[in-house]
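Working notes, structure below.
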Amino acid sequence: MPTRASQLFLPTLRDDPAEAEAASHRLLLRAGLVRQVGAGLYSFLPAGWRVHQKVVQVIREEMDAIGGQEMLMPLLTPAELWQKTGRYGLSELYKLNDRNERPFVLAMTHEETITFHAAELNSYKQLPQIWYHFGTKARDEPRPRAGLLRVREFIMKDSYSFDRDAEGLDVSYTKHAEAYRRIFDRCGVEVYECESDVGLMGGSMAHEYLAPCDAGENDVALCDRCDYSANVEVATSVATQPDFPPSRAKPEEIETPNATTIEALAALLGIDPRTTSKAMPVVGPDGKVVLGLVRGDHRLHELKLQKALGGEFRPAQPDEIREAFGADGGSLGPVGVTIPIIADATLREGSYVAGANRNGWHLLGVEAGRDFQATFADIREVSAGEGCPKCSGTLRVEPAIEVGNIFKLGTRYSVPLGAQYLNEAGELTPLVMGSYGIGPARTMAAVIEQRNDEKGIKWPASVAPWHVHVVSMTAAGPEVVAIADEVAAALEAAGHQVLLDDRDKRPGEKFADADLLGCPVRITVGKKTLEDGAVDVKSRDTGEESRVAAGEVAARVGELL
RNA sequence: CGGGACGUAGCGCAGCCUGGUAGCGCACCCGCUUUGGGAGCGGGGGGUCGCGAGUUCGAAUCUCGCCGUCCCGACCA
């Protein structure tokens with residue numbers, strides 16, 4: 001049976017909602033697919049839920065194809081599990097008590113719970129295992145944004161692999177990578193498979209599936225020549241090479257009044273900003289002031305510095321700066337200070353202009369090793385135009401939204417939760433785990449981000465709410481209505497899902513709604529087509545329309561899907 | 001958590017500065033005409049003006065506090 005628009009709750013909006021900026025956010029609301037309940041909280045309306053279910057089904061089929069076993073775990077979780085793994089303190093974790101004051105959490109992911117179950121595995125003969133579910137996650141996000149792109153509660157497909165060793169994990173990891181490529185391909189989303197940071201999950205290796213789009217929250221560095229792609233959080237690059245001035249025997253002070261920024265300094269001295277160094281005083285995890293040093297034209301990457309420091313840091317306060325350097329921000333440098341210095345690896349070679357730790361003065365000819373000692377690390381953010389670390393190509397940087405990720409967890413969870421098995425030698429051994437996530441709703445939003453025009457969404461057939469949108473020109477008379485009903489029924493019989501617009505509306509409004517909702521094929525039945533016993537078949541993607549005899553509609557639709 | 005903006009009918013907005021008891025477009029309901037790209041005319045329903053205090057004879061409008069939402073940043077499996 002076709003879905004009848006006259007009976008369907010599909011509240012389309014003529015105007016853009018004021019609060020929506022991202023394309024997917026705007027279109028999800030306008031097309032009547034979702035509605036907001038609160039910040040980062042959305043209900044899926046009937047048409048939107050159909051799309052979500054289709055994405056879920058694609059994922060399910062591909063997970064099953066790699067041997068995944070579907071199950072379901074609860075959202076509400078005893079706090080104890082999270083206390084054991086040391087994640088109870090995470091600020092994103094919703095915490096609550098039951099009536100007896102027993103502490104619970106709302107799961108933000110299910111490593112703890114699945115590992116609790118994996119404790120029932122006890123022999124190498126049972127391995128490997130891949131388990132997954134579509135489970136609700138709750139996260140106390142500091143800033144939900146852009147509709148479905150960042151929310152506080154959502155359904156995630158998370159799967160977990162259990163292997164006896166690292167080699168086994170490699171196999172499970174690779175299977176997931178291949179399944180993920182198929183999933184996003186089938187959903188019609190372009191993704192980059194990128195090296196990524198392991199983040200709060202812990203573990204040794206991770207990839208993200210990043211769908212390029214304007215509303216993306218991540219930046220991906222991509223090579224124009226090879227397949228290198230990485231989240232800028234971990235991306236590396238070959239820095240451009242400036243022409244350095246001739247080396248000096250020792251640094252020389254120069255007065256630089258009011259030049260407290262790199263731009264001002266370079267302009268004043270008439271030099272290339274790339275031959276300067278930029279000092280970022282921070283307070284490290286041990287509470288002591290540390291100097292982060294990058295080249296003048298580079299940006300310090302906070303996550304990279306955090307890794308180099310071994311924990312979180314904050315910018316130093318003016319009084320802390322004065323005490324450590326004897327000068328104020330804008331005139332700071334590495335020479336003559338007693339605090340630890342972490343310098344970007346770019347600064348190893350070359351002669352730089354650096355702050356003199358004397359207000360209004362800089363030093364010319366500062367060289368690492370000779371004039372100061374530092375720990376070198378990669379702490380700068382890559383930027384477009386720099387060299388690819390793998391080949392001789394050039395990098396570009398694009399925004400993208402993360403739609404999936406895969407992690408090698410190792411024994412990060414199996415050890416604290418006691419998930420072990422006996423090997424052939426009878427030794428108790430922790431399970432080696434991987435975890436793998438996909439957000440169906442985010443995937444749905446990414447499809448919209450990548451496939452839309454000024455009129456609305458352009459769904460691929462695989463996840464479209466309906467395959468065919470039949471516009472029945474009801475005002476043209478009962479004959480037209482009858483034919484539209486027949487065509488819709490015939491298409492359903494042929495295995496296509498049909499939305500029949502039988503509403504008593506004017507044609508323009510029906511066409512506008514069809515374009516907005518974006519089913520891949522639109523069929524118009526009206527007076528014009530009635531005369532030659534045909535219907536008009538239009539592709540939403542290409543806009544091509546052709547008149548097709550009623551008896552051949554199903555075949556023609558089959559070609560378009 | 002820092003910065004900015006907004007909150008008036010389902011949606012988009014005006015009114016606020018200069019206080020006098022709420023308005024426009026779309027949508028919705030009824031009637032007539034109309035009908036292949038968001039129709040026309042006529043009639044009609046719908047609002048605790050985010051919440052709470054205060055000032056005032058009188059508050060959507062002025063003051064204070066709170067809440068909510070969006071955007072930028074911080075943050076982010």
Side-chain angles (χ1 to χ4, degrees), chain A residues 9 11-22 25-26 29-30 32 35-41 85 87 90-93 107-112 135 137-147 149-152 154 156-160 196-203 206-208 215 217-218 231 233 302-303 306 312-315 401-407 409 412-413 434-439 442 455-456 471-477 480 501 503-516 522-531 535-536 538 543 545 547:
Chain A
F9 180 45
T12 56
L13 304 174
R14 186 165 182 163
D15 302 310
D16 281 332
E19 75 268 18
E21 235 159 68
H25 190 194
R26 231 169 1 93
L29 290 168
R30 278 196 60 204
R35 283 294 181 266
Q36 185 177 45
V37 179
L41 300 171
T85 60
R87 295 211 294 177
L90 292 179
S91 52
E92 288 77 20
L93 196 63
M108 53 185 282
T109 170
H110 281 82
E111 276 78 12
E112 278 77 2
K137 311 289 182 257
R139 295 183 187 180
D140 193 355
E141 289 288 348
R143 182 153 103 83
R145 63 173 291 270
L149 290 185
R150 180 158 223 92
V151 293
R152 295 197 290 183
F154 61 102
M156 177 163 82
K157 185 290 295 177
D158 38 327
S159 51
Y160 304 89
S196 70
D197 182 60
V198 294
L200 295 187
M201 301 299 299
H207 282 84
E208 287 172 330
E217 311 187 288
N218 298 87
N231 192 313
E233 290 174 359
E302 300 200 359
L303 196 66
Q306 189 174 316
E312 294 195 5
F313 66 89
R314 60 170 174 83
I401 183 70
E402 179 187 356
V403 288
N405 58 37
I406 57 180
F407 284 90
L409 292 176
R412 162 75 178 83
Y413 295 90
S435 89
Y436 317 88
I438 292 182
R442 237 191 215 189
K455 290 180 174 175
V471 177
S472 173
M473 295 294 177
T474 49
V480 162
D501 192 348
R503 295 175 302 169
D504 185 22
K505 296 272 186 188
R506 298 176 63 82
E509 188 173 351
K510 292 189 177 198
F511 289 140
D513 275 349
D515 290 339
L516 181 58
R522 186 187 84 191
I523 290 179
T524 307
V525 184
K527 220 167 14 188
K528 290 184 185 172
T529 55
L530 184 64
E531 291 157 7
V535 299
D536 286 332
K538 185 172 189 178
E545 185 162 30
R547 190 146 297 179

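The analysis underlying the following values was restricted to heavy atoms, covering all of them including side chains, and did not include hydrogens, waters or symmetry mates. Keep in mind it's a predicted model, so treat the numbers as computed, not measured. Note on naming: letters A, B, ... go to the chains in the order of the sequence lines (proteins, then strands), and numbering restarts at 1 for each one.
To the nearest angstrom, P of B:rC6 lies 20 Å from CG of A:Asp16. Between A:Leu93 atom CG and B:rC76 atom P there is a gap of 15 Å when expressed in whole angstrom units. Rounded to whole Å, atom C1' of B:rC70 lies 12 Å from atom CG of A:Leu29. Atom-to-atom, CZ of A:Arg150 to C1' of B:rU69 comes out at 18 Å; the value is rounded to the nearest Å. Taking atom CE of A:Met156 as the reference point, atom P of B:rC76 lies 17 Å away to the nearest angstrom.
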Quick test: give all pairs of protein nitrogen or oxygen and nucleotides 31-38 of chain B nitrogen or oxygen below 3.5 Å, distance rounded to 0.1 Å.
unit_1, atom_1, unit_2, atom_2, d
B:rU34, O2, A:Arg506, NH1, 2.5
B:rG36, O2', A:Lys528, NZ, 2.9
B:rG36, O6, A:Gly526, N, 3.3
B:rG36, O6, A:Thr529, N, 3.2
B:rG36, O6, A:Thr529, OG1, 3.3
B:rG36, N1, A:Asp536, OD2, 2.9
B:rG36, N2, A:Asp536, OD2, 2.9
B:rG37, O6, A:Arg522, NH1, 2.7
B:rG37, O6, A:Arg522, NH2, 3.1
B:rG37, O6, A:Lys538, NZ, 3.2
B:rG37, N1, A:Asp515, OD2, 2.8
B:rG37, N2, A:Asp515, OD2, 2.5
B:rG38, O4', A:Glu509, N, 3.4
B:rG38, O2', A:Arg14, NH1, 2.8
B:rG38, O2', A:Arg14, NH2, 2.3
B:rG38, N2, A:Glu509, OE2, 2.9

Check: protein-nucleotides 71-73 of chain B nitrogen or oxygen pairs below 3.5 Å:
unit_1, atom_1, unit_2, atom_2, d
B:rC71, OP1, A:Ala146, N, 3.3
B:rC72, OP2, A:Arg143, NH1, 3.3
B:rC72, OP2, A:Arg143, NH2, 2.7

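Pair assignment for B:rA74: none, as no Watson-Crick or G-U wobble contacts are both less than 3.5 Å. Under the Watson-Crick or G-U wobble criterion, with both distances below 3.5 Å, B:rG42 is paired with B:rC30. For B:rG19, there is no paired base (Watson-Crick or G-U wobble, both distances below 3.5 Å). Remark: B:rA5 base-pairs with B:rU69. Criterion, Watson-Crick or G-U wobble with two distances under 3.5 Å. Pairing for B:rG25 is with B:rC11, a Watson-Crick or G-U wobble pair whose two hydrogen-bonding atom distances lie under 3.5 Å. Nucleotide B:rC64 is matched to B:rG52 when pairs are restricted to Watson-Crick or G-U wobble geometry with both distances under 3.5 angstrom.
Counting only heavy atoms from C-beta outward, the side chains of A:Glu545 and A:Thr524 approach each other to under 4.5 Å. Side-chain contact between A:Lys455 and A:Leu516 is absent, with no heavy atoms from C-beta onward closer than 4.5 Å. Considering only heavy atoms from C-beta on, A:Leu93 stays 4.5 Å or farther from A:Arg87 through its side chain.
When heavy atoms are screened at a 4.0 angstrom cut-off, A:Gln36 is found touching the sugar-phosphate backbone but no base atom.
A search for side chain to side chain donor-acceptor pair (under 3.5 Å) contacts involving A:Glu217 returns A:Arg145, A:Arg150, not counting sequence neighbours.
Under the 3.5 Å distance criterion, the side-chain polar atoms of A:Gln36 are matched with a main-chain donor or acceptor of A:Gly38.
Comparing the P positions of B:rC67 and B:rU55 gives a spacing of 23 Å, expressed to the nearest Å.
For A:Ala39 and A:Ile438, each mapped to the nucleotide of RNA chain B holding its nearest heavy atom, the one lying further toward the 5' end belongs to A:Ala39.
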